[in-house]
There are 2 protein chains.
Amino acid sequence: MRKGRAHLSKEVCTANLNAVKDALYVLNGKWKLPLIISLQEGPKRFNEIQKSLGEITPKILSKELKDLELNEFVIRRVFSTTPVTITYELTPYSQTLEKVIDELRNWGLQHRERLVANRRNKPIADEPVLDAT
Amino acid sequence: MRKGRAHLSKEVCTANLNAVKDALYVLNGKWKLPLIISLQEGPKRFNEIQKSLGEITPKILSKELKDLELNEFVIRRVFSTTPVTITYELTPYSQTLEKVIDELRNWGLQHRERLVANRRNKPIADEPVLDAT
DNA sequence: GAGTTTAGTTTCCTAAAGGAAAGCGACATT
DNA sequence: AATGTCGCTTTCCTTTAGGAAACTAAACTC
């Protein structure tokens with residue numbers, strides 16, 4: 001087990017800061033990680049991705065897929081069926097994100113639990129309750 | 001070692017998707033994680049944080065600190081010195097982000113290495129995109 | 001009472017993210 | 001010829017993020 005209490009040195013913090021900024025630069029935005037997660041189910045077509053993500057518009061989806069292609073997380077394949085079939089598939093490189101996604105998922109799960117628990121314990125905490133005049 | 005090749009089931013993907021969305025909802029934006037990382041060095045004052053992050057303006061810093069306070073990652077302490085001293089300090093809850101930050105940092109480091117390596121290997125590679133006709 | 005320091009706030013602005021709705025090109029079916 | 005499907009693109013918006021510059025309140029010092 002780690003201590004988790006001690007402060008980090010300035011040098012370590014700065015190094016962490018830069019590395020995390022590098023990561024965030026590539027993974028920024030609302031859709032990059034969700035998209036990658038959706039494609040972990042297997043290769044999908046444009047409309048399938050759209051359905052699986054629920055809210056995304058074709059414009060945004062198109063842009064995000066291009067970004068992910070540029071960064072080599074996703075490969076786009078064209079099949080000359082009729083009508084044309086295009087699939088998007090994760091690259092091996094995208095698998096390097098596995099642990100990041102795992103930890104984000106774990107954290108998201110426990111965070112939600114915490115929120116629910118808090119809501120039960122202090123239900124009307126500091127809400128502006130209406131005045132019964 | 002994990003396999004890392006098999007596809008995930010639809011149910012698992014959807015669960016992951018929701019959990020990661022929950023996490024991203026709280027950690028979104030350019031500054032939340034960098035700010036937390038900066039405070040891992042120890043409690044800091046407003047101007048100290050500003051210097052350590054380099055580019056952030058007081059308005060944004062103020063807003064981000066309020067967000068982090070609301071989500072219980074940071075505690076704001078007021079000391080009645082003169083002039084008044086105010087410090088921002090990580091809460092125990094912020095330590096639950098340790099692994100997330102670790103993995104993001106690791107990924108950021110290897111991603112930067114990869115970029116540098118790629119730049120050496122294919123310096124002017126403008127890709128003539130292949131068509132699978 | 002003028003100036004200093006800390007910790008911000010306020011005003012004004014630009015750029016980027018995000019989205020709704022419609023259109024488009026290349027087929028194929030009816 | 002008309003209609004439909006797929007994989008987008010285009011146009012036109014609104015919203016949010018982010019920032020520069022100036023200002024402020026409180027308490028002190030000179």
Side-chain angles (χ1 to χ4, degrees), chain A residues 17 20-21 23-36 38-39 42-71 73-90, chain B residues 17 20-21 23-39 42-71 73-90 129-133:
Chain A
L17 209 51
V20 169
K21 277 184 179 175
L24 292 180
Y25 181 77
V26 182
L27 304 174
N28 67 75
K30 191 174 169 181
W31 294 111
K32 300 244 169 27
L33 286 173
L35 242 153
I36 289 172
S38 166
L39 288 177
K44 284 185 187 167
R45 302 169 67 174
F46 194 88
N47 286 342
E48 290 177 316
I49 301 174
Q50 220 187 141
K51 275 169 213 151
S52 89
L53 289 181
E55 319 258 274
I56 197 167
T57 61
K59 174 184 150 189
I60 304 292
L61 180 53
S62 172
K63 195 205 104 208
E64 296 291 332
L65 284 170
K66 279 175 189 162
D67 277 9
L68 291 179
E69 244 194 296
L70 268 179
N71 284 302
F73 293 125
V74 159
I75 191 164
R76 179 182 188 268
R77 294 189 198 283
V78 183
F79 299 96
S80 308
T81 53
T82 168
V84 67
T85 304
I86 294 175
T87 66
Y88 296 89
E89 187 179 338
L90 292 182
Chain B
L17 209 52
V20 169
K21 277 184 179 177
L24 292 179
Y25 181 77
V26 181
L27 303 174
N28 67 76
K30 191 175 171 181
W31 294 112
K32 301 245 168 29
L33 286 172
L35 241 155
I36 289 172
I37 292 169
S38 166
L39 288 176
K44 284 184 185 167
R45 301 168 69 174
F46 193 87
N47 287 343
E48 289 177 315
I49 301 174
Q50 222 187 139
K51 275 169 213 153
S52 90
L53 289 181
E55 319 259 273
I56 197 168
T57 60
K59 174 184 147 188
I60 304 292
L61 180 52
S62 171
K63 194 205 107 207
E64 296 291 331
L65 284 170
K66 278 175 189 162
D67 277 8
L68 291 179
E69 243 194 296
L70 267 179
N71 284 302
F73 294 125
V74 159
I75 191 163
R76 180 181 187 268
R77 292 188 199 283
V78 183
F79 298 96
S80 308
T81 54
T82 168
V84 67
T85 303
I86 294 174
T87 66
Y88 295 89
E89 187 179 338
L90 292 182
V129 182
L130 294 183
D131 193 5
T133 28

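By convention in this document, chain letters (A, B, ...) are assigned in the order of the sequence lines, proteins followed by strands, and residues within each chain are numbered from 1.
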Looking only at side-chain atoms of [X], point me to the closest of [options].
X       : options                : value
A:Arg76 : C:dG19, D:dC8, C:dG8   : D:dC8
B:Ile86 : D:dG18, D:dC8, C:dA7   : C:dA7
A:Ile60 : C:dG19, C:dA7, D:dT9   : C:dG19
A:Phe46 : C:dG8, C:dG18, D:dC8   : D:dC8
A:Lys63 : C:dA17, C:dG8, D:dC8   : C:dA17
B:Lys59 : D:dT10, D:dA20, D:dA17 : D:dA20
A:Ser62 : D:dC8, C:dG8, C:dG18   : D:dC8

Is the shortest side-chain N/O distance from B:Arg45 to OP1 or OP2 of C:dA7 below 4.0 Å?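 Indeed, a polar side-chain atom of B:Arg45 lies that close.
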Side-chain N or O of A:Lys66 versus OP1/OP2 of D:dT9: is the shortest distance under 4.0 Å?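 Yes.
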Residues which pass salt bridge (Lys or Arg N to Asp or Glu O under 4.0 Å) with B:Glu48, listed by chain and number, not counting sequence neighbours: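 Here no residue qualifies.
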Using whole Å, report how far [atom1] of [X] lies from [atom2] of [N].
X       : N      : atom1 : atom2 : result
B:Leu35 : D:dG18 : CG    : P     : 12 Å
B:Leu61 : C:dT9  : CG    : P     : 10 Å
A:Lys30 : D:dT16 : NZ    : P     : 10 Å

